[in-house]
Protein chains: 2
Amino acid sequence: MSRTRGSVTIDDVARHVGVAKGTVSRVLNNYNDISETTKKRILQAVKDLGYQPSATARNLKRGRQDTLGIVIPVGHGSGADPFLAEFIDGIARALDELGLDLLVTTAHSRDHTIESLKRLIARRKVDGFIVTRTEVDDARIAYLKEHNFPFVAHGRTSDPSGYAWFDIDNEATFADGVRHLYSLGHQRIGFIGGTLELNFALQRLQGYRQGLEALGLPRDEELESVQDLSERGGIAGAEALLALPSPPTALLCATDALAIGAIQFCRKFGLKPGSDVTVLGYDGLPVGEYLDPPLTTFSQSAQDAGARVARMLVDVLDGADPQALQSLARADLIRRASDGAPSMTPEALAGVLRDRLNKQPHSGNKGE
Amino acid sequence: MSRTRGSVTIDDVARHVGVAKGTVSRVLNNYNDISETTKKRILQAVKDLGYQPSATARNLKRGRQDTLGIVIPVGHGSGADPFLAEFIDGIARALDELGLDLLVTTAHSRDHTIESLKRLIARRKVDGFIVTRTEVDDARIAYLKEHNFPFVAHGRTSDPSGYAWFDIDNEATFADGVRHLYSLGHQRIGFIGGTLELNFALQRLQGYRQGLEALGLPRDEELESVQDLSERGGIAGAEALLALPSPPTALLCATDALAIGAIQFCRKFGLKPGSDVTVLGYDGLPVGEYLDPPLTTFSQSAQDAGARVARMLVDVLDGADPQALQSLARADLIRRASDGAPSMTPEALAGVLRDRLNKQPHSGNKGE
DNA sequence: CAGTTTTCCGAAACCGATTTTGTTGACTTA
DNA sequence: TAAGTCAACAAAATCGGTTTCGGAAAACTG
């Protein structure tokens, strides 16, 4: 039996039973104008022949694909975002229960993303989209709204009205982060974030600022470092902030990747993360547990988020009002060991680091 | 403009130009029995109206979906495999160039996997499958072979004939690993692997054994530990092997996750990975670079693997002989800092560990 | 028992493309 | 000049379903 050929069609079933194919279709779609006896005979034949309706044919008539799409932004060779991997896992699990499928595409630039959306829409391969990593001014969302194509966003934009979204309360969470660090005794708190075009990056920075303000701490722009959202960016951010004349004793990072880089930098220069410098991440990546020290981080379940967003999109497709489908969640602080009371003052820290930066790093990679 | 309604069809184009829709179709499919003038007029109309053919309708007639499928095995809540994330990224990139799409499904058990395959095949949603994480005796491959449905495997099975696959030479790679450790001065080398139902896990164990044999080292089953393929498994494996009366001074791990766990265990008991105990991983996960110490590991590019497998599947769909599409690659050793000459004899190591195991761990997580 | 409803199902239209078959007029050819 | 060729397209069949329409028989009415 090859691909299409040989597979049993609704006509085969109809012929086998001796009814019209419309009748078979009606039985399979639970119309109630079929007598019990024919219904039984048809169901039996369906079973005997192993008939399964062709999704393609059904979709053509119905105009639905029973398929959702997601276009994943990927940096140039930067590798997959571990958060997204779990997010997709969550989506797939939810869709599995609903009998839907997920079409995954990657895009390596903003234009490419829009093109992928266009293509998928024009060729009618998906019924709706899940949009991730929303930007403050998001071209995808603008496009989808304009063309009135169903979608749900994971994350908001500067104007969060008129569409369905699920997001974390970034501002509250990062204000909490500041409060937590303050309660540990930190007075100078640095922030390492990502490009402010990304909505969550902007909001986390704002949350950081709000947290400072609420505690009456002064805001110092020197303590805010915007970097690539990667481990490398974390290293650069830590370096920039810790090299300050009066460095922060705690680093609040917008993502775990940044925090991992920051920790790496600290270790490299002999600063003990968790006491000499406190590092807080965000994402709750599983691998954080196995770092040295294990990373204290805010966690939202990526899997839950995926499942939730998927179900929201299904609701939208079923005709729910997108406006009514907007929900904000909180992330929980998972305390591990990268945070603690400061072991020295910013000035002392600066002294220690000044020495070390001029000499060799304390311990580096070998063999490279 | 809502989902299906309003989108321009081939009929619209035909009417607009004043030709039959078959003519439009022939123009778009590069038939050569159309005059240049009508061709131009039609092409212009296509552009003006922004017409894109419906994939559904085309597929129905053609019997092809231009969509590939992948069913991802996911452990019960264990989270997504970072390797798979990059693998999928690679597939998506390759398919993007070819104008194909990728349908992603997750499955949480063997039965569920087969059911997903069945459903996708029966409903004709995909043209072929990419099978990952092959098992020694793989039900998916058996099923697909039996039903003569196109697929390519990433990894082999006990009988690697009759289908297309791409795999790493696990045996050679792990024999290399043993040789490397031996050349560093290690004589007692342990292996932490995964369930032997997974083909790569079995082959890596065999490679480890072959490596020992080639060097004339004795094989000691005590030094082989089979664990869950997770960080947790790595911890358990390290504990089991290092608690031996004569523990290994080097741990060869089947995956990075295992190695990460093993390192965690070492650190917890004050053993310095890279000198007191050497740990070797496999996968080349990006995060390995940011561990303490950075993980020495074998690397294959998951992205390349994905791209490669995708292209192979396209070849199969184009009629290539699967038998001829089998290829074996090598993984490269990336030396970072978790390997080195042993700092003590197995006996000394046992002594150190005996003390520490009975007391408190050297440094653990706090706040839990 | 004739007229009206229901019940149940066959026939056909339809979804939007591709592909096959048929038709037309222009152009060759004998 | 009648017959045959060919280029260029129209018309219709087809893919495998869903849905609309309508009709025969059975079941109710009064």
Side-chain angles (χ1 to χ4, degrees), chain A residues 2-43 45-46 49-67 119 121-125 127, chain B residues 2-43 45-46 49-67 99 121-125 127:
Chain A
S2 178
R3 256 168 289 167
T4 353
R5 311 227 295 146
S7 59
V8 352
T9 75
I10 199 171
D11 273 310
D12 297 329
V13 177
R15 232 186 334 260
H16 191 259
V17 182
V19 296
K21 63 175 180 175
T23 307
V24 176
S25 176
R26 277 194 298 262
V27 167
L28 262 24
N29 290 287
N30 293 318
Y31 282 58
N32 52 3
D33 60 346
I34 305 289
S35 73
E36 271 310 312
T37 52
T38 27
K39 190 170 180 174
K40 234 175 240 162
R41 280 167 56 217
I42 289 176
L43 253 23
V46 165
L49 299 178
Y51 167 72
Q52 286 232 43
S54 150
T56 316
R58 159 180 294 172
N59 294 340
L60 178 56
K61 177 66 186 181
R62 282 220 188 131
R64 285 192 355 189
Q65 315 307 128
D66 291 339
T67 303
R119 191 174 62 84
I121 293 176
R123 316 204 95 124
R124 278 138 280 183
K125 292 203 79 157
D127 298 323
Chain B
S2 177
R3 257 169 287 168
T4 356
R5 311 225 297 146
S7 60
V8 352
T9 75
I10 199 171
D11 273 310
D12 297 329
V13 177
R15 228 183 341 256
H16 191 259
V17 182
V19 297
K21 62 177 179 174
T23 307
V24 176
S25 176
R26 276 195 300 266
V27 167
L28 263 24
N29 290 285
N30 292 319
Y31 281 60
N32 53 2
D33 61 344
I34 306 288
S35 74
E36 273 307 312
T37 52
T38 23
K39 191 169 180 175
K40 233 173 245 165
R41 280 169 54 219
I42 289 177
L43 252 24
V46 165
L49 300 178
Y51 168 71
Q52 286 230 43
S54 150
T56 316
R58 157 180 294 172
N59 294 339
L60 176 55
K61 179 65 187 185
R62 281 224 188 127
R64 283 193 357 192
Q65 315 308 128
D66 291 338
T67 302
I121 293 175
R123 315 205 96 126
R124 278 140 280 181
K125 291 203 78 155
D127 298 323

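Just so it is clear: chains get the letters A, B, ... in the order the sequence lines come, proteins before strands, and each one is counted from 1.
When heavy atoms are screened at a 4.0 angstrom cut-off, A:Asn59 is found touching no nucleic acid atom at all. As judged by a 4.0 angstrom heavy-atom cut-off over every strand, B:Leu60 is placed among the base-contacting residues. If you check every strand for non-hydrogen atoms under 4.0 Å, A:Val24 touches nothing.
The closest donor-acceptor contact from the side chain of A:Asn29 to the backbone of A:Ser25 lies under 3.5 Å. A donor-acceptor pair is defined here as one N or O able to donate and one able to accept, closer than 3.5 Å; no such pair exists between the side chain of B:Arg58 and the backbone of B:Thr56. Judged by distance alone, with hydrogens and angles left aside, the side-chain atoms of A:Asp127 form a donor-acceptor pair with the main-chain N or O of A:Gln65 at under 3.5 Å.
Residue-to-nucleotide proximity on DNA chain D shows that, of A:Pro53 and B:Val19, the 5′-proximal contact is made by B:Val19. Summary of the strand contacts: B:Lys21 and A:Leu28 both lie near DNA chain D, and taking for each the nucleotide with the nearest heavy atom, the more 5' one is attributed to B:Lys21.
Straight-line distance from the CG atom of B:Asn29 to the P atom of D:dA8: 18 Å, rounded to whole Å. A:Leu49 places its CG atom 15 Å from the P atom of D:dG16, with the value rounded to the nearest Å. Regarding A:Arg64, its CZ atom lies at a distance of 17 Å from the P atom of D:dG17, rounded to whole Å. Straight-line distance from the CG atom of B:Asp11 to the P atom of C:dT18: 12 Å, rounded to whole Å. C:dC9 atom C1' lies 15 Å from atom CD of A:Glu36, rounded to whole Å. Across the protein-nucleic acid pair, B:Ile34 atom CD1 and D:dA7 atom P stand 13 Å apart, rounded to whole Å. Between A:Arg123 atom CZ and C:dA17 atom P the separation is 10 Å, expressed in whole Å. Between B:Lys61 atom NZ and C:dG16 atom P there is a gap of 16 Å when expressed in whole angstrom units.
Distance check, rounded to the nearest 0.5 Å: CD1 of B:Ile42 to NZ of B:Lys40 gives 13.0 Å. If you take CD1 on A:Ile121 and CD on B:Gln52, they are separated by 10.5 Å, rounding to the nearest 0.5 Å.
Proximity of B:Ser25 to the phosphate of C:dT18: a side-chain N or O atom is located under 4.0 Å from OP1 or OP2. Under 4.0 angstrom from either OP1 or OP2 of D:dA10 there lies at least one side-chain N or O belonging to B:Thr23. Between B:Thr38 and the phosphate of D:dC9, there is a side-chain N or O to OP1/OP2 separation shorter than 4.0 Å. OP1 or OP2 of D:dC15 has not a single side-chain nitrogen or oxygen of A:Thr56 nearer than 4.0 Å. A close approach under 4.0 Å does not occur between any side-chain nitrogen or oxygen of B:Thr9 and OP1 or OP2 of C:dC15. For C:dA17, the OP1/OP2 oxygens have a side-chain nitrogen or oxygen of B:Tyr51 closer than 4.0 Å.
What you find for A:Ser7 and B:Arg124 is that their closest heavy atoms are OG-NH1, 3.4 Å. Counting all heavy atoms, side chain and backbone alike, B:Ala57 lies closest to B:Ser54 at N-OG, 3.1 Å. Among all heavy-atom pairs drawn from A:Arg119 and B:Gly99, the shortest one is NH1-O, 4.0 Å.
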Distances under 3.5 Å between protein N/O atoms and the N/O atoms of nucleotides 23-25 of chain C, please, pair by pair.
none

What does the list of N/O pairs under 3.5 Å between the protein and nucleotides 20-27 of chain D look like, with a distance for each?
from: D:dT20; atom 1: O4; to: A:Arg26; atom 2: NH1; distance (Å): 2.8

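Across the helix from C:dC1-D:dG30 to C:dA30-D:dT1, the helix axis at one end is tilted relative to the axis at the other end by 60° (nearest 10 degrees, each axis from five pairs).
Of the residues listed (A:Ile34, A:Asp33, A:Thr38, A:Val17), the one engaging A:Thr23 in a side chain to side chain contact (heavy atoms under 4.5 Å, CB included) is A:Ile34, and it is the only one.
Checked by atom type, the side-chain pair A:Thr67/B:Lys125 shows a donor-acceptor distance below 3.5 Å.
The side-chain heavy atoms of A:Arg41 and A:Leu43, taken from C-beta on, include no pair separated by under 4.5 Å. B:Ile10 is listed as a side-chain neighbour of B:Tyr51, based on a closest heavy-atom distance under 4.5 Å. At a threshold of 4.5 Å between non-hydrogen side-chain atoms, the residues B:Val24 and B:Asp11 do not count as touching.
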